[in-house]
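Here's the structure, in structure tokens; my notes come after.
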Amino acid sequence: MSLDSSRSANSGPQNLKRSFNSNSSNDKGNSSNSKKRKSNQKTLGMAWGPNSLSTSRSSFRSSPFSDFGSYMVEKNRKLQNQFDAEASNSSLSDSSTKPIFHGVSIFVDGFTVPSSQELRRYMLNYGGRFENYFSRHRVTHIICSNLPDSKIKNIRSFSGGLPVVKPTWILDSVAAKRLLSWVPYQLDQLASNQPTLSAFFTSKFSPASEGVFTAAICEVKHATEDLCLKDASTDAKFSEEGEPSEWRKKITEEHDELMRGNTDSKVIEEPSSSYSEASQEVKGVERSYLEQDDESKENNGPQYCPEQPSASVSSHCFDNHSIKGLPHSTALGPSKQRHSTLGDPNFVENYFKNSRLHFIGTWRNRYRKRFPSLPNGFKCVNSHLDVSADTQKTAIIHIDMDCFFVSVVIRSHPELHDKPVAVCHSDNPKGTAEISSANYPARDYGIRAGMFVRDAKALCTHLVILSYNFEAYEEVADQFYNILHKHCNRVQAVSCDEAFLDVTDLEGEDPQLLASVIRKEIFEATGCTASAGIAVNMLMARLATRTAKPNGQCYISPERVDEYLDQLPIKALPGIGHVLEEKLKNRNVRTCGQLRMISKDSLQKDFRFKTGEMLWNYCRGVDNRLVGTIQESKSVGAEVNWGVRFRDLQDTQHFLLDLCKEVSLRLQGCGVQGRTFTLKIKKRRKDAGEPAKYMGCGDCENLSHSTTVPLATDDVEVLQRITKQLFGFFHIDVKDIRGVGLQVSRLESVDTSKQVLERNSLKSWLISASARSEEQCDINGIAKDRVGTDTEGRSMGGNSGVLCTDPVGNSVLRTNNTSNGEGCSNQGLSIPLLCDLDMGVVESLPSELLSELNEMYGGKLVDLIAKSKGQGENSTGSLCFHSPELAKVEEAERSRNSDPISLSRTAAEMKGKQHILDGLQTVPDSGAGFNSIAISIQGLDNNDLMPSSLSQVDTSVLQQLPEELRADIFESLPEHRRQEISTLGPNRDNLHHPLCINPPESTDSGLTNTLWIGNPPMWVDKFKVSNLLMLRFFADMYYKAKSAENLSSILQCTIAESLHPLDAKCDAWNEAVHSFNELLVEYIKLKIVVDIEEIYVCFRLLRRLSTRSEFFLEVYNLVFPHLQVSVDENYGGNLHIPLNK
Amino acid sequence: MERKDNQSPRGHIAGILVEFLEVAITSVVFLKGIYSPGAFERRRYMNVVVQRARHPQLRDYIHSAVSGLLPFIEKGLVERVAVIFFNTDNIPVERFMFKLAVNQSFDSKVEESDLEFSLRSFLVKLSVSQPLTKVLPCDCRWEITAYFRSLPQVSNCKDTELWISTDTKQWQQPPLITPIKSMNSEPLGVQLYLEHPSPSEPKS
């Protein structure tokens, strides 16, 4: 609707000379003329305002030019010459390739980030042109960040039909090293109207409809097809005319019509409008994913019955599962694999799949997503224990699984338990692989981590070598942390198998007892043992664990600390490595007791301040660190230095691409984007032969190059281009490369706002939703499968079965559901399929809401969330997401289950299946929005977009919504229903605040400001429940106003709204005036010192309101004296408020 | 207009503030049209077009006045900086007040771009606030006056000598205030408002 810039309208030639003449002939101060001038003014360059005009005119008078026009012609010529001269100096591009911005000539309008000067530099460097003055003939793109309303309305005369593009287009093009299509970068104000709430509903609605068998929705489906046809026809029109904007306008108009026409097509309106966008992008050469979406939709459309694909899928996953069940077979697997970049096209992928370090490195990220509420938002499950407040000595438990990597693998092989077993990525007879972990029997033979297999075999001939089982590690690690988080709300994860717990608060329990309970639970849940150390701080707890291992626990009481440390070798202290140990040994220090003899100053002198202090503290058992959270990572990267052998450049490029993909995935996994990219290369030294370790890197030189780009990115293509460029800097023989690493630093988190901006949120929802529809078939397949195997033999067919076939604790959860009341009664019909949920949204929901949703899905949601974290976590419980009662229910369920192994087996089974799902899930999570909220509300009524009355709305859901959304919902309700809104409020506690608690006279005497605290501020709630229409109206305005923290914007909004019904005098008139007065007085108090401008604006608005409404007049008169007193106090004067026109 | 980078955050803020004041005061003088427009040239500062005095004396006066304030701003002594336009009787006609609030306890690094973003709005607003101001009588003069929270020790700094106590008369009545712009972004708060004599002010 907004984009109606069509070229046909620009046929009228715009004469530079003429417009300038008209400018100069106009009187500068004359406002009526200036309006006229504006419409004449096609030359944007003159948008400096009257001042500049006068200066340029004065200079023109004394200049030799005959008139302004010839002056400008001359000036433009000079500017061009200047630009050309500079460009020839600074152009970066080599002559062989066409520069990025070849043929592009930009005009920068108004304020932009980066500034026009920076943009000019980009154009200089990359072969574009930069125009200082707008000309329809020379300029090809207008760059601006923001446009005034008048220009938007009259876009044609402003832009002359040229594309109006955001500056990021230039930045991204530079980063991508090619000219990107400008279409996605079109100015937001022009591109499409802001998405409304109803759009969100609909967008979710149509994908959901695909799987559900109700007649109503089938109708909707037909409507979609209809519309698709329409789209096709308009498409044809489009190709005829070749006029994208024109075409688009038509589309929008048509959709508008449809929207007015019937509700069914209204439901579809939004998605199809984004189809139109998709086709536009096709025009702009950019291949959009919506296009794919389109295809997949067509494929999926008729496929209402998912039975057929299901069979193959489920059998496939069982196959896979059985493979996983037998570690022996997998141990053989890798040896058959091709080992170097030479033979294996998917080397990078396989490499990381088999890398233990990769597992540990990425585990942390997964953990953080799984327990997102770190550091202080833990659900205090054991809150009842948290009673007394007296200061007790801290108690820290350090818990560590015993030889984690081995014991997880052998837990299903009891026959191996007392045999020496080591874990290693390969059991090649050559034996040059390194052992990564060995169990205690093996350690008795002297086998250590890092040893070559052949050396280990020499020490112990019957050593069993097993391969990694990363799925099992994930599963066990998750179980491990579930248990920890259940018992304690202050957990610091150190690694996937090691953590600190601060149990100081849990005074009801003896730490030693707690530790043994936790260990027992870990053993029961995972079949692996863990050791625990208990002490007063993290250092001592860690040391205690060392003593406790294997499978034990040790408590070091504060009295015994000295005794314990006395004979402890210094090497045992964390933070003391080989180098430090050597240095200390030279000083004849071998034990902590000896270290204690050295003074702190001397230590600090010899080992620098921090290390010295650490040594001094540690050897005394002092550790002040708090059990906290894991740190943010500073860089993300991937490095491969095993098996890297290249034949030619092509191999290398292929490898780099894979590496970029991996890094991009990791960046996305961490939710960050980076600006600095470092490529590290290990180059074989000239004299180095083939390394001893098979396919190892041997003796290498480390080389690196790095570059920084202006815009943070995680895009594979950009990464690839940068990497290629970086690789070009090395100039080395690819045959000498033994290792490659790509690291991304200067990370910026992908904050939600940016995400919304970049990927038009509505669009991304559509994509994530419908691209998953393929996947849905698989879920259905599995669901079917499960129904079949269910012993109860529930014969539920179709999709509703999906909801009820979760084997774990489902029945218990379902009873919970029913107590949920009305909101759930429809649910069998209305809940969207699990796979249709956008995980990005679901994850960011508040935990209460999440657990509620989880209940609706019978616990599967949490599992799916864990899945969607990218690494395919497994979870059986995830108790941390549940409310405490729920946790207990599940616990009960678990305890009833007498055989823990069978439980874990079900888990593994689920795991197997869900892992397949993961593999199929090709679309990464695209974030943002209130998708699932939309779902839950949408679920309340299938045939209509909105419920006809609030009584149908689950109030508990509604109250979880952000205020803005709620306001939006209320907006779309019929007028006569609005009264019900106020009844929704009273659940909030602060509403019981009596009205007018402070008489206005007393506010001066230092009463604390209460009305403006909170978000939304207190007064909004207070006014909302007020029985006064005026106040309620004003509270509504709060949600309507754009930047509602300022009173001025709320008042602005109030002015915009019609006021006449508000002035009806009623009994509570005085009360309303009073409350409002109080609000203003507090606002003055809040703002008077720092922001007199805001006060000024508010009172001017109030004054304007007071001419229209008696209510505001009274308020104004009441509060004005107070205002003047405040201003006088702070500024020594009176605020001058002129009367508005 | 260059700044040293090796300053404490507070000094850094004061540096930005002083630089901003110099530009803003020049803009005020330009706005009031005391000198002919030819006495100014267009420059770009913080990505907006501003005016810069061409006459060296004018430029020096503004520059030395505000940079003389730097040590006091750093100490948080300066409460307001005023640009006062007064008639031949030394009675002020119009005062542009810059009310400063530098949070002294703030000690972390300041994002300069954030600060610039807020300060820029002053320059933009100032360039369009002509209608708020009064037409000045002819033969009008102006000066820069700083209001201190407390009197600085004269001895310890020779910068102080540049500053003399003002001859300008005060208004008898509290003035009328018209705010132009306020900003408060931690650790710096700046407010710009106009002061005009109240209508009840005795005419001389």
Side-chain angles (χ1 to χ4, degrees), chain A residues 28-29 31 45-62 108 110-120 145 167 1045-1046 1048 1086-1100 1123-1138 1141, chain B residues 27 30-31 33 36-42 44 46-51 54 79-80 95 97 99 101 103 113 116-117 120-122 124-125 127-132 147 170-171 173-186 188-200:
Chain A
K28 167 179 148 193
S31 65
M46 280 307 292
W48 303 331
N51 297 337
S52 62
L53 195 65
S54 67
T55 45
S56 47
R57 195 165 54 199
S58 63
S59 56
F60 146 59
R61 265 192 212 115
S62 56
V108 179
F111 175 72
T112 54
V113 176
S115 73
S116 62
Q117 287 308 303
E118 282 167 76
L119 291 175
R120 180 170 180 269
S145 303
E1045 69 272 20
N1046 280 342
S1048 57
L1086 190 72
K1087 291 280 181 184
I1088 191 74
V1089 180
V1090 291
D1091 200 347
I1092 197 182
E1093 186 198 1
E1094 165 72 11
I1095 303 262
Y1096 178 64
V1097 173
C1098 285
F1099 275 87
R1100 289 188 65 170
L1123 168 76
Q1124 292 299 15
V1125 169
S1126 296
V1127 172
D1128 198 31
E1129 261 173 30
N1130 286 281
Y1131 295 89
N1134 291 321
L1135 203 60
H1136 175 61
I1137 299 185
K1141 312 148 250 185
Chain B
S27 299
F30 173 80
L31 182 80
S36 78
F40 298 91
E41 57 189 1
R42 289 153 47 84
R44 191 178 276 270
M46 291 179 177
N47 210 356
V48 283
V49 172
V50 295
Q51 303 294 330
R54 292 170 82 173
E79 192 195 4
R80 280 172 292 170
R95 304 202 293 185
M97 308 293 286
K99 195 171 199 285
N103 186 354
S113 55
E116 279 190 9
F117 185 81
R120 180 163 43 224
S121 57
F122 278 88
V124 172
K125 189 80 184 274
S127 64
V128 294
S129 48
Q130 180 125 44
L132 297 175
Y147 294 81
Q170 302 291 316
W171 288 312
Q173 297 286 320
L176 285 179
I177 290 174
T178 311
I180 293 179
K181 189 77 203 168
S182 295
M183 77 96 160
N184 186 37
S185 76
E186 203 55 36
L188 180 63
V190 182
Q191 303 199 64
L192 173 60
Y193 55 91
L194 278 173
E195 284 185 358
H196 293 123
S198 101
S200 56

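So you know, we letter chains A, B, ... as the sequences are listed, proteins then strands, and number each from 1.
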Does B/V124 have any side-chain contact (heavy atoms from CB on, under 4.5 Å) partners at least two apart in sequence or in another chain, and if so, which? B/V48, B/R120
Honestly, the part of B/I180 sitting under 4.5 Å from a heavy atom of chain A is backbone
With a 4.5 angstrom heavy-atom cut-off, which part of [X] approaches chain B: side chain, backbone, both or neither?
| X | answer |
| --- | --- |
| A/V1097 | neither |
| A/D1091 | both |
| A/F111 | side chain |

Name the member of B/H196, B/E41, B/K99, B/M97 that forms the most heavy-atom pairs with chain A at distances under 4.5 Å. B/K99
Test side chain to side chain donor-acceptor pair (under 3.5 Å) applied to B/R44 - qualifying residues, sequence neighbours left out: B/N47
Any heavy-atom pair between the side chains of A/L1135 and B/P179 that's under 4.5 Å? yes
With rounding to the nearest 0.5 angstrom, report the CG to OG1 distance, A/N1134 to B/T178. 11.0 Å
CD1 on B/I177 to CG on A/N1130, rounded to 0.5 Å: 9.5 Å
Nearest heavy-atom pair of B/P174 and A/G1133: which atoms, and what distance? CB-CA, 3.9 Å
In this structure, which one of B/M183, B/Q191, B/K181 forms a side-chain contact (heavy atoms from CB on, under 4.5 Å) with A/E1093? B/K181
